[in-house]
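Below, chain A is the first sequence line, B the second, and so on; all start at residue 1.
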Amino acid sequence: MRGCAKASKRRGHMTDETKRDYKDTVFLPKTDFPMKAGLPQKEPGILASWQDASLYGQLREARDGAEKFILHDGPPYANGDMHIGHALNHVLKDMVCRTQTLLGKDAPYVPGWDCHGLPIEWKVEEQYRKKKKNKDEVPIKEFRAECRAYAQHWVDVQREQLKRLGCLGDWDNPYLTMQYDSEATIVAELMKFAEAGNLYRGSKPVMWSPVEKTALAEAEVEYEDITSTQIDVAFEIVESPIEELVGAHAVIWTTTPWTIPVNQALAYGAEVEYTLFMQSGGPLGSCSFLVATDLQEEFKRRTGLGFEESNFNPRTWQIKGSDLAGTVARHPMHHLGGFYAKPRPFLPGDFVTTDSGTGLVHMSPDHGEDDFELCKANGLDPVFAVMDDGRYRDDWLWLGGDDDRRRAVINPGFNAPDGPICSDLREAGALLSASADYAHSYPHSWRSKAKVIYRCTPQWFVPMDKPLGTGDFEVAPGNPLAGAVAPFVSQDHSTLRERALSEIERVRFVPEKGRRRIGSMVEGRPDWVLSRQRAWGVPITLFLKKGTSDYLQDAAVNARIVAAVREEGVDAWDEARKAEYLGSGYEPDEYEMVSDILDVWFDSGCTHVFTLESGRWPALTWPADLYLEGSDQHRGWFQSSLLESCATRGRAPYDAVLTHGFTMASDGKKMSKSLGNTVDPLKIMEQYGADIIRLWALSVDFTEDHRIGDEILKGVGDQYRKLRNTFRYMLGALSDFDYESEGVEPGQMPELERYILHRLKRLDTALRQCIADYDFNEYTRALSEFANEDLSAFFFDIRKDRLYCDDPASMERRAYRTCLDILFHALVRYAAPVLVFTAEEVWTTRFPDRGSVHLQELHQLPDEWQDDTLAARFADLRELREDVMEAIEPLRREKIIRSGLEAEVTVPEDAVPQGFSDADLAELFITASVTRGQSLAVQKTDENKCGRCWRLLPSVPEDGALCGRCEDVLA
RNA sequence: GGGCCGGUAGCUCAGUUGGUUAGAGCGCACCCCUGAUAAGGGUGAGGUCGGAGGUUCAAAUCCUCCUCGGCCCA
């Protein structure tokens with residue numbers, strides 16, 4: 001440390017008049033970098049400069065040949081403006097790619113969009129309705145063209161919005177599921193399923209919307225509270241091993257009266273106990289009823305009838321469910337004959353509970369999953385009585401055909417206590433209760449908000465539990481499996497479920513809990529229903545042998561179809577082209593073209609093929625290192641991609657899956673337009689700038705649900721300003737810095753600089769770990785804390801004197817500036833993936849001619865910078881420093897001293913880490929002087945204040961005169 | 001209604017296998033500086049760790065129940 005002992009007395013006595021202002025002799029930070037960011041105004045210009053320089057292309061060139069990191073973008077749906085969820089997701093993706101790029105890898109990003117599907121179709125139909133146009137009168141190709149245009153519009157809108165967020169990617173060349181290439185690939189993938197026999201036509205109750213006349217995926221359904229009619233219906237027992245039951249009435253309870261006309265059986269719980277009751281004087285005269293013992297009171301209350309316990313043989317009072325096997329009832333409408341005259345057997349159902357109802361459940365295989373499975377197992381097939389518009393078919397015996405009471409079965413009036421079903425049942429003496437007062441949640445169509453039903457329809461399925469068939473697939477050149485034809489197929493007869501589950505074990509999940517989540521879903525999920533009865537989507541390009549469920553499996557035919565779709569898109573699947581595709585080997589009249597389209601999840605499940613594997617983007621390779629989406633995609637894209645790839649390629653298309661939670665409003669509740677608590681990322685960008693949203697997204701714990709709101713954004717803004725000013729200070733302090741003439745080797749630097757380099761090395765290590773762990777919240781936290789604590793409040797503050805007042809040629813000042821230069825280069829890179837705009841502004845302010853900061857790689861910091869011995873001494877010193885600050889405070893409060901520079905501090909000898917001189921301590925504590933003594937003490941110094949550096953030192957002859965150091969510097 | 005996840009200072013987050021007075025940064029209050037200046041520095045006040053039981057010598061940490069919120073499903 002520089003000694004100040006040689007007091008200079010050369011100057012004469014200074015009077016007030018001769019006191020001069022030394023401000024112009026002080027080397028203050030100099031920069032044009034403004035304190036106020038003005039991000040909303042500034043960002044678009046920076047964005048334009050990147051575009052002009054084609055930064056993305058430059059990066060691909062710069063990283064060509066480097067190790068790859070492939071993040072495959074999950075396609076958002078091309079419908080509506082960007083919302084906060086999109087913003088979060090894309091900032092995270094951008095952060096991943098940029099941090100990997102910082103590490104020197106080649107991390108291309110090709111954005112994509114999901115373009116087919118019902119929601120878009122619905123929007124286009126809505127436009128028709130407004131114009132009073134009937135969709136059915138529009139030629140289907142015209143309709144599809146409008147859907148295509150609609151999707152393209154929103155792709156363009158969202159693309160601009162996402163670019164504005166600062167996300168770097170191949171925006172000029174995104175993938176769309178509706179591009180002809182994509183559509184052809186989806187068809188080709190489907191044909192792989194078909195050729196390998198991993199596709200079957202079956203019937204199954206699926207969620208059906210009578211309004212939209214289509215089957216719905218679970219994602220297209222939402223639940224709302226409604227009130228339904230609940231009824232108790234008596235089924236007369238006509239046959240039973242338990243003699244006393246014959247002639248008694250089994251009672252079922254249901255909230256969907258419309259399913260009674262399609263009843264085919266009754267289910268009981270084998271472990272449930274039932275009781276037989278005698279009733280006299282009721283609507284049925286004297287007769288007995290069978291219900292679950294535990295539910296008898298509720299049953300009595302609902303029906304309001306007086307019951308007496310039966311006087312049958314006590315042996316049969318109470319009947320164990322399993323003893324009901326072999327019992328048969330008849331339908332209340334048995335007098336109609338035909339379907340209604342058939343016996344209604346009692347079947348054991350493990351789904352039967354005594355939570356509600358009567359403990360006996362009426363079964364309609366057409367309209368319930370449990371019903372379907374149980375009846376199927378007992379040889380009862382669905383009858384398809386309900387048509388696609390929700391009405392019973394024309395030839396149906398009860399309430400079908402010309403019955404003018406016929407309505408859609410979901411119509412509340414149809415099911416009402418005074419509606420046709422209840423009336424007929426009442427007339428038949430089978431209705432024990434009916435009231436329109438049962439409140440429960442019920443599935444509704446996501447788009448139309450109309451109620452949906454379960455309805456059995458023919459659909460196409462991918463079996464989950466059938467050993468996967470073999471297919472002679474051509475493996476794309478980019479695929480590591482290339483060369484061997486689907487090797488997994490020959491050695492492995494696992495089912496799709498088994499294969500998917502084993503991949504779930506292998507793949508890395510961040511956070512880890514995602515593994516269990518998708519695992520339990522795949523374990524429990526039913527067969528994949530691929531078909532939709534709609535227009536806007538990729539056709540299921542199968543030829544069905546007429547009168548059968550067999551589809552044509554001919555690779556040559558399929559190749560013709562795929563080629564045509566590649567040229568013309570989905571419109572190529574056209575009845576007029578039938579003979580062309582079938583070729584000479586088949587008689588067109590013997591086949592019908594399947595008119596269903598594919599579930600859009602199949603589209604998205606194929607994105608890995610037409611994006612990573614296709615070669616359309618040379619920078620991409622299959623499989624992906626990472627998929628990164630919201631946690632809802634465990635059921636969605638993560639799963640559809642997994643299943644598609646496992647069936648066709650034997651493995652997941654990704655090695656790791658990163659999920660984020662959902663963004664809640666500031667009250668922790670989910671955002672909804674009705675609550676008015678939504679936060680619009682577009683408005684935040686207008687108001688605060690994209691860097692603020694980015695910093696927000698990267699400083700919350702995105703693995704969980706997290707919040708956004710004014711207070712939070714204000715905090716983010718504060719954090720931003722602090723970082724910005726740290727850069728501003730460095731820019732100012734480094735103005736005109738020239739390493740060639742000024743640089744000092746780190747090994748030659750003072751200990752404080754070496755300590756800071758140690759801290760930087762530690763930070764560097766921590767941030768690299770954060771990148772590897774995708775722990776961005778810790779990344780931004782560590783970065784901010786370093787800037788605040790190590791730099792601003794400690795290093796910069798201590799070194800201010802040196803920077804301002806030391807001789808620019810002195811080794812110490814040069815060492816400090818060299819250290820700042822190192823810090824600058826590190827920090828601007830650390831900040832670059834987070835504050836993409838601000839980092840660029842910082843970079844170009846200092847280096848107007850060195851291109852973009854985003855082309856830079858992280859420097860490898862020398863391991864020697866880590867000096868744990870030195871760090872331990874400084875850690876102790878910083879603790880002592882805190883004690884000193886605390887001790888100075890009372891004097892300040894009592895106005896004895898104003899700044900620490902006026903303080904003379906005595907520190908306990910044993911509290912000082914070894915190797916620090918008194919002068920070092922005074923410098924590090926920013927006090928007048930430090931001496932050692934018994935205990936910590938502070939007093940005001942008697943020394944005079946240097947007119948230039950404002951320190952109070954013995955070498956200053958009088959207040960306002962110069963200290964020795966300043967005298968020398970000015971000499 | 002079921003499964004899973006979460007609830008630590010005003011805000012954003014740490015809290016390792018249960019173990020001394022529960023931490024950090026920001027914000028806030030007060031003070032200093034006025035040569036990073038709509039900046040910088042200092043000090044301080046903030047928490048019955050969602051609630052209630054339980055296990056233990058000891059619980060933010062383990063168990064049970066409740067509550068609030070979220071995702072998925074019915």
Side-chain angles (χ1 to χ4, degrees), chain A residues 21-31 33-36 207 218-219 221 223 353 355-356 369-370 440-443 511 513-514 516-521 524-525 630-636 659 661-670 695-696 699-701 703-722 724-733 777-778 780-789 792-794 796-798 800-801 803-805 881-882 884-895 897-902 926 948-950:
Chain A
D21 181 7
Y22 290 100
K23 183 163 180 171
D24 56 354
T25 72
V26 174
F27 312 112
L28 296 176
K30 208 168 70 191
T31 179
F33 188 79
M35 193 143 49
K36 191 168 159 38
M207 290 284 198
E218 306 213 329
V221 167
Y223 288 78
T353 67
D355 292 344
S356 60
E369 271 183 274
D370 291 334
H440 60 146
S441 72
Y442 191 86
K513 64 191 174 195
R516 198 143 68 99
R517 183 143 186 214
I518 191 171
S520 61
M521 285 178 184
R525 68 159 295 151
S631 59
D632 57 336
Q633 297 304 325
H634 285 111
R635 181 160 294 275
T659 52
F662 283 72
T663 304
M664 301 296 135
S666 51
D667 56 2
K669 301 224 171 104
K670 94 166 136 190
L695 188 54
W696 162 78
S699 39
V700 296
D701 180 1
T703 65
E704 298 288 346
D705 290 349
H706 47 266
R707 305 175 182 200
I708 192 167
D710 288 339
E711 190 186 6
I712 294 168
L713 284 170
K714 188 177 167 292
V716 173
D718 289 333
Q719 193 189 350
Y720 170 85
R721 236 167 290 130
K722 193 86 187 187
R724 183 177 178 88
N725 278 314
T726 301
F727 280 115
R728 180 166 184 271
Y729 172 80
M730 286 194 284
L731 286 169
N777 147 35
E778 172 64 13
T780 54
R781 196 198 59 74
L783 183 59
S784 278
E785 206 168 309
F786 181 77
N788 295 340
E789 293 302 296
S792 188
F794 184 67
F796 294 170
D797 205 31
I798 292 166
K800 215 173 352 183
D801 174 72
L803 178 73
Y804 294 173
C805 300
R881 188 174 190 262
E882 279 183 36
V884 170
M885 297 299 172
E886 202 180 325
I888 292 174
E889 196 62 19
L891 280 78
R892 249 200 202 128
R893 231 158 250 285
E894 289 162 40
K895 310 284 181 198
I897 63 168
R898 309 174 71 108
S899 102
L901 280 171
E902 296 173 46
I926 320 182
R948 180 162 174 271
C949 69
W950 297 346

Closest listed nucleotide, where the reference is the side chain of [X] and the choices are [options]:
{"X": "A:Ser631", "options": "B:rU12, B:rG25, B:rC71", "result": "B:rC71"}
{"X": "A:Ser899", "options": "B:rC33, B:rC26, B:rC30", "result": "B:rC33"}
{"X": "A:Glu789", "options": "B:rC71, B:rG25, B:rG10", "result": "B:rG25"}
{"X": "A:Glu785", "options": "B:rG42, B:rA24, B:rC32", "result": "B:rA24"}
{"X": "A:Glu886", "options": "B:rC73, B:rG44, B:rC13", "result": "B:rG44"}

By salt bridge (Lys or Arg N to Asp or Glu O under 4.0 Å), which residues pair with [X], not counting sequence neighbours?
{"X": "A:Arg724", "result": "A:Glu841"}
{"X": "A:Asp801", "result": "A:Arg951, A:Arg965"}
{"X": "A:Asp24", "result": "A:Arg20"}
{"X": "A:Glu886", "result": "none"}

How far, in whole Å, is [M] from [N] if one measures between their [atom1] atoms?
{"N": "B:rG69", "M": "B:rC32", "atom1": "P", "result": "47 Å"}
{"N": "B:rG23", "M": "B:rA29", "atom1": "P", "result": "25 Å"}
{"N": "B:rG42", "M": "B:rG47", "atom1": "P", "result": "24 Å"}
{"N": "B:rG3", "M": "B:rC66", "atom1": "P", "result": "11 Å"}
{"N": "B:rU8", "M": "B:rA45", "atom1": "P", "result": "23 Å"}
{"N": "B:rU12", "M": "B:rC4", "atom1": "P", "result": "27 Å"}
{"N": "B:rC13", "M": "B:rU17", "atom1": "C1'", "result": "23 Å"}
{"N": "B:rG2", "M": "B:rG27", "atom1": "P", "result": "45 Å"}

Just checking [X]: base, sugar-phosphate only, or nothing, at a heavy-atom cut-off of under 4.0 Å?
{"X": "A:Glu889", "value": "base"}
{"X": "A:Ser699", "value": "sugar-phosphate"}
{"X": "A:Gly732", "value": "nothing"}

Can you check the [X] [atom1] to [N] [atom2] distance for me, whole Å?
{"X": "A:Lys669", "N": "B:rG70", "atom1": "NZ", "atom2": "P", "result": "7 Å"}
{"X": "A:Ile518", "N": "B:rC73", "atom1": "CD1", "atom2": "P", "result": "13 Å"}
{"X": "A:His706", "N": "B:rC11", "atom1": "NE2", "atom2": "C1'", "result": "15 Å"}
{"X": "A:Asn777", "N": "B:rC13", "atom1": "CG", "atom2": "C1'", "result": "6 Å"}
{"X": "A:Met885", "N": "B:rC30", "atom1": "CE", "atom2": "P", "result": "22 Å"}
{"X": "A:Arg892", "N": "B:rC33", "atom1": "CZ", "atom2": "C1'", "result": "9 Å"}
{"X": "A:Asp701", "N": "B:rG15", "atom1": "CG", "atom2": "P", "result": "10 Å"}
{"X": "A:Glu778", "N": "B:rA24", "atom1": "CD", "atom2": "P", "result": "15 Å"}

Notebook entry, point to check: For A:Leu803 and A:Tyr729, what are the C-alpha separation, side-chain angles and deciding distance, and is it a side-chain contact (heavy atoms from CB on, under 4.5 Å)?
Noted result: CA-CA 11 Å; A:Leu803 178 73; A:Tyr729 172 80; 3.5 Å; yes
Atom pairs and distances, donor-acceptor, side-chain atoms in residues 661-668 of chain A, under 3.5 Å, two or more places apart:
{"from": "A:Thr663", "atom 1": "OG1", "to": "A:His706", "atom 2": "NE2", "distance (Å)": "2.8"}
{"from": "A:Asp667", "atom 1": "OD1", "to": "A:Lys669", "atom 2": "N", "distance (Å)": "3.0"}

Margin query: Treating primed atoms plus P, OP1 and OP2 as sugar-phosphate and everything else as base, which nucleotides of nucleotides 1-9 of chain B get B, S or - for protein heavy atoms under 4.0 Å?
Written below: ---SSS---
Notebook entry, point to check: Which residue, A:Arg781 or A:Asp718, contacts RNA chain B at a nucleotide closer to its 5' end, judged by nearest heavy atom?
Noted result: A:Arg781
Check: If each of A:Arg881 and A:Phe662 is mapped to the nucleotide of RNA chain B with the nearest heavy atom, which maps nearer the 5' terminus, i.e. the 5' end?
Finding: A:Arg881
Which residues satisfy the side-chain contact (heavy atoms from CB on, under 4.5 Å) test with [X], sequence neighbours excluded?
{"X": "A:Asp370", "value": "A:Phe351"}
{"X": "A:Lys895", "value": "none"}
{"X": "A:Met885", "value": "A:Arg881"}
{"X": "A:Leu731", "value": "A:Thr31, A:Phe33, A:Phe824, A:Val842, A:Thr845, A:Arg846"}

Check: Hey, mind stepping through A:Lys23 and A:Leu28 against side-chain contact (heavy atoms from CB on, under 4.5 Å) and telling me if it holds?
Finding: CA-CA 9 Å; A:Lys23 183 163 180 171; A:Leu28 296 176; 4.2 Å; yes
Polar atoms only, N or O, under 3.5 Å: list the protein pairs with nucleotides 34-36 of chain B and their distances.
{"from": "B:rG35", "atom 1": "OP2", "to": "A:Lys23", "atom 2": "NZ", "distance (Å)": "3.3"}
{"from": "B:rG35", "atom 1": "N1", "to": "A:Arg948", "atom 2": "O", "distance (Å)": "2.5"}
{"from": "B:rG35", "atom 1": "N2", "to": "A:Arg948", "atom 2": "O", "distance (Å)": "3.0"}
{"from": "B:rA36", "atom 1": "OP2", "to": "A:Tyr804", "atom 2": "OH", "distance (Å)": "2.2"}
{"from": "B:rA36", "atom 1": "O2'", "to": "A:Arg728", "atom 2": "NH1", "distance (Å)": "3.4"}
{"from": "B:rA36", "atom 1": "N6", "to": "A:Ser792", "atom 2": "OG", "distance (Å)": "3.4"}

Note to self: Quick test of your reading of the model: are A:Glu778 and A:Arg781 salt-bridged, counting only N-O distances below 4.0 Å?
What the structure shows: yes
Note to self: Within the structure provided, determine whether A:Glu785 and A:Glu789 are in side-chain contact (heavy-atom separation under 4.5 Å).
What the structure shows: yes
Check: In dot-bracket notation, what is the pairing pattern of RNA chain B, taking Watson-Crick (N1-N3 plus N6-O4 or O6-N4) and G-U wobble (N1-O2 and O6-N3) contacts under 3.5 Å, with [ ] crossing and | for other strands?
Finding: (((((((..((((.....[...)))).(((((.......))))).....(((((..]....)))))))))))).
Next item on the list: Please check if the side chain of A:Arg948 supplies one atom and the backbone of A:Thr25 the other of a donor-acceptor pair under 3.5 Å.
Entry: yes
Does a side-chain N or O from [X] land closer than 4.0 Å to OP1 or OP2 of [N], or not?
{"X": "A:Lys722", "N": "B:rG40", "value": "yes"}
{"X": "A:Asn788", "N": "B:rG40", "value": "no"}
{"X": "A:Lys895", "N": "B:rC32", "value": "yes"}

Next item on the list: Check the chi torsion on B:rG46 and let me know: syn if it falls within 90° of 0, anti if not.
Entry: syn
